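A quick write-up on the structure given underneath.
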Amino acid sequence: MRVEQAVYGQDSERGHGLRQSSGQSKLAAEIYGRLDLPDGVPGGVQGWSPFFRGFPVGDQYVIAKTFLDSSASRGGMVLSHALIVSLNDVCDLRSLTPLFGLLATAVDQFPIWITTLDLELAGSHEPYAPELVGAANALATQQQLPVVSVGVPGFDGLIDALWQNLSPEMRRSFAFRLSFGPTDLVEQPLPTIVCTPEQLRARWLKHAVVNPDDAVP
């Protein structure tokens with residue numbers, strides 16, 4: 001599997017932009033806005049950094065991890081490390097854990113050595129995701145996307161558990177990220193599932209919320 005990499009963060013022109021990418025990926029430059037925060041962080045909300053996101057773009061799939069950049073010249077800036085892979089290749093991948101494992105683990109790892117990777121990613125991984133049944137039930141009964149998982153830590157494990165239970169065709173449109181509320185849902189197609197900080201649960205009254213206590217699918 002060929003994996004291109006990109007790093008996004010504060011720049012002098014747009015505030016947030018592409019800093020570096022492997023190869024000459026035009027796509028990496030075009031999607032900089034989707035590697036920023038989805039909206040300003042509401043007052044008093046903490047515990048959202050870092051978070052994972054993934055989404056298809058054309059015939060490619062992007063997986064990224066975003067961190068609060070406390071060293072930036074102004075508040076609310078972020079650093080994102082992204083992987084760009086073939087949509088066909090990623091949809092044939094049993095687990096996303098090998099790709100998650102390629103992403104930065106801490107903000108002090110930036111700047112990251114960016115290069116094109118050619119990897120053999122195989123094998124299966126069975127993550128512990130107690131919310132899996134609740135997430136599946138919410139997806140099966142939702143009236144409008146996205147489904148909402150309350151809490152940011154552990155979201156990657158839930159995503160991987162869902163991914164392993166989706167057909168390759170369903171994976172082609174599967175997207176996930178952090179959201180601070182319905183007002184930041186502006187992209188098309190909408191994410192399939194989002195995580196949101198515990199303090200913002202009340203903003204999601206019109207959306208299906210994952211019940212972690214669900215035991216029966």
Side-chain angles (χ1 to χ4, degrees), residues 34-56 61-68 78 80 90-91 93-101 103 105 124-217:
R34 299 188 67 174
L35 278 302
D36 197 358
L37 276 180
D39 200 356
V41 182
V45 172
Q46 299 178 340
W48 57 266
S49 173
F51 68 90
F52 290 86
R53 71 176 107 203
F55 54 91
Y61 199 89
V62 180
I63 292 178
K65 193 173 183 180
T66 297
F67 302 81
L68 175 66
V78 295
S80 291
V90 77
C91 287
L93 197 60
R94 164 70 172 160
S95 169
L96 294 179
T97 295
L99 292 176
F100 288 156
L103 295 167
T105 58
S124 63
H125 173 73
E126 299 296 337
Y128 174 67
E131 307 93 345
L132 175 59
V133 172
N137 288 345
L139 286 166
T141 59
Q142 54 83 24
Q143 298 298 312
Q144 59 179 325
L145 292 175
V147 161
V148 181
S149 176
V150 178
V152 179
F155 186 56
D156 55 323
L158 174 59
I159 291 301
D160 195 36
L162 283 170
W163 184 270
Q164 292 189 42
N165 286 278
L166 297 176
S167 68
E169 186 60 32
M170 295 172 72
R171 293 169 181 167
R172 299 184 73 85
S173 60
F174 185 73
F176 56 94
R177 66 169 172 84
L178 169 80
S179 176
F180 294 125
T183 57
D184 68 37
L185 300 173
V186 296
E187 70 267 39
Q188 292 295 329
L190 289 172
T192 313
I193 184 170
V194 298
C195 61
T196 197
E198 175 70 42
Q199 304 98 313
L200 303 179
R201 177 193 293 263
R203 295 186 172 188
W204 297 98
L205 297 178
K206 296 182 179 180
H207 290 257
V209 176
V210 174
N211 181 0
D213 296 325
D214 276 2
V216 180

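Bear in mind that the values here come from a model prediction, so they are computed numbers and not experimental data.
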Query raised in the report: Between the main-chain N or O of Leu166 and the side-chain N or O of Arg171, is there a donor-acceptor pair closer than 3.5 Å?
Result: yes

Query raised in the report: Is the closest side-chain heavy-atom distance between Asp184 and Arg177 below 4.5 Å?
Result: yes

Report summary line: dist Leu103:CG -> Phe52:CZ (nearest 0.5 Å) comes out at 6.0 Å

Report task. Report the distance from atom CG of Leu185 to atom OG1 of Thr183, rounding to the nearest 0.5 Å. Result -> 7.5 Å

Report task. Search all heavy atoms of Pro38 against all heavy atoms of Ser179 and return the closest pair with its distance. Result -> CG-CA, 4.5 Å

Report summary line: All heavy atoms of Ala215 vs all of Pro217, minimum pair found to be O-CD, 3.8 Å

Query raised in the report: What distance do Asp36 atom CG and Ser80 atom OG have between them, rounded to the nearest 0.5 Å?
Result: 7.5 Å

Query raised in the report: In this structure, which one of Val194, Leu178, Asp156, Leu35 forms a side chain to side chain contact (heavy atoms under 4.5 Å, CB included) with Arg53?
Result: Leu35

**Report entry** Heavy-atom side-chain proximity of Leu162 to Thr192 below 4.5 angstrom
**Finding:** no

Query raised in the report: Which heavy atom of Lys206 sits nearest a heavy atom of Gln144, and at what distance?
Result: O-NE2, 2.9 Å

Query raised in the report: When you measure from the side chain of Asp160 to the backbone N and O of Ser95, does any donor-acceptor pair fall under 3.5 Å?
Result: no

Query raised in the report: Which heavy atom in Pro212 sits nearest to a heavy atom in Val210, and how many Å separate them?
Result: CD-O, 3.3 Å

Query raised in the report: Do the side chain of Arg203 and the main chain of Phe180 share a donor and acceptor less than 3.5 angstrom apart?
Result: yes

Query - Separation between CD of Glu169 and SG of Cys91, rounded to the nearest 0.5 Å - result: 8.0 Å

Query raised in the report: Do Asn137 and Val216 have side chains that get closer than 4.5 Å, going by heavy atoms?
Result: no

Query raised in the report: Does any pair with a residue in residues 191-217 pass ring-ring contact (aromatic ring centres under 6.0 Å, His included), and if so which ones, sequence neighbours excluded?
Result: Trp204-His207

Query raised in the report: Between Phe100 and Ile159, is any pair of side-chain heavy atoms under 4.5 Å apart?
Result: yes

Report task. Would you name the heavy atoms of Val152 and Pro197 that are closest together and state the gap between them? Result -> CG2-N, 4.3 Å

**Report entry** Trp163 side chain near Thr97 side chain, heavy-atom distance below 4.5 Å
**Finding:** no

**Report entry** Note, Arg172 side chain near Pro56 side chain (heavy atom, < 4.5 Å)
**Finding:** no

Query raised in the report: Parallel, tilted or perpendicular for Phe176 and Tyr61, by the 30°/60° rule?
Result: tilted

Query raised in the report: When rounded to the nearest 0.5 angstrom, what distance separates SG in Cys195 from CG in Leu200?
Result: 11.0 Å

List the atom pairs, with distances to 0.1 Å, where a side-chain N or O of residues 42-51 and a protein N or O form a donor-acceptor pair under 3.5 Å, not counting sequence neighbours.
from, atom 1, to, atom 2, distance (Å)
Ser49, OG, Leu68, N, 2.8

**Report entry** CD1 on Ile193 to OG on Ser149, rounded to 0.5 Å
**Finding:** 5.5 Å

